[in-house]
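What follows is a short report on a single structure.
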Amino acid sequence: MDCIRESLKGDEEVNECIIARPVNGITINGLEYILDDFGEVKRFNTKDEAIQYLKQNGLSEKEIDSLNFIEVY
C-alpha cells in the first residue's frame with residue numbers, strides 16, 4: 001500500500017508519512033492516528049520507517065496491512 005497524499009500544513013513541502021486507521025475498524029467513524037510521546041501525530045520520514053516502527057512494536061504483517069499510511073506535505 002502506498003502513502004495517501006494529504007496536506008496538513010498548508011503550502012509547506014514536507015513529505016512525511018503518518019499512520020492512521022478507522023476508529024473501531026469502521027470507516028465512517030473517521031481516523032485515529034499513532035501519537036508520539038507528546039500526544040502529537042507521530043511523523044516518519046518514509047513509509048518504510050513507519051513500517052519498521054510498527055514491527056518493532058509487535059504488529060504483524062496482517063495488522064500493518066490494515067493501516068493507512070498518509071503522506072503529508
Side-chain angles (χ1 to χ4, degrees):
M1 177 186 311
D2 291 327
C3 285
I4 300 166
R5 285 190 77 110
E6 183 172 298
S7 177
L8 296 181
K9 299 185 102 182
D11 295 331
E12 293 182 41
E13 291 282 333
V14 177
N15 290 340
E16 294 174 313
C17 191
I18 60 175
I19 305 167
R21 69 175 182 186
V23 175
N24 297 322
I26 302 170
T27 56
I28 62 171
N29 285 348
L31 297 174
E32 58 187 355
Y33 301 89
I34 300 287
L35 303 179
D36 64 17
D37 294 335
F38 302 103
E40 299 293 326
V41 174
K42 186 164 183 65
R43 294 171 179 264
F44 300 89
N45 292 320
T46 65
K47 180 182 175 188
D48 289 335
E49 184 182 305
I51 290 172
Q52 284 298 352
Y53 173 84
L54 295 169
K55 287 180 178 178
Q56 290 171 353
N57 284 280
L59 271 74
S60 68
E61 290 291 329
K62 184 177 179 180
E63 292 168 316
I64 291 170
D65 287 343
S66 71
L67 300 173
N68 298 318
F69 295 86
I70 302 169
E71 181 180 342
V72 293
Y73 56 96

Measuring from [X]:[atom1] to [Y]:[atom2], what's the distance to the nearest 0.5 Å?
X   : Y   : atom1 : atom2 : result
K42 : I18 : NZ    : CD1   : 12.5 Å
I64 : Y53 : CD1   : OH    : 12.0 Å
N57 : I34 : CG    : CD1   : 8.5 Å
L67 : Y33 : CG    : OH    : 12.5 Å
E16 : N45 : CD    : CG    : 6.5 Å
E32 : N24 : CD    : CG    : 7.0 Å

**Request:** State, with a plain yes or no, whether a side-chain heavy atom of L31 is found less than 4.5 Å away from one of P22.
**Result:**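 L31 reaches P22 side chain to side chain.
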**Message:** In the structure I gave you, are the side-chain heavy atoms of F69 and I19 within less than 4.5 Å of one another anywhere?
**Reply:**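 Heavy-atom side-chain distance check passes, below 4.5 Å.
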**Single-linkage hydrophobic cluster, 4.5 Å side-chain cutoff, V23 and V41 together** =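 The answer is no; the residues belong to distinct hydrophobic clusters.
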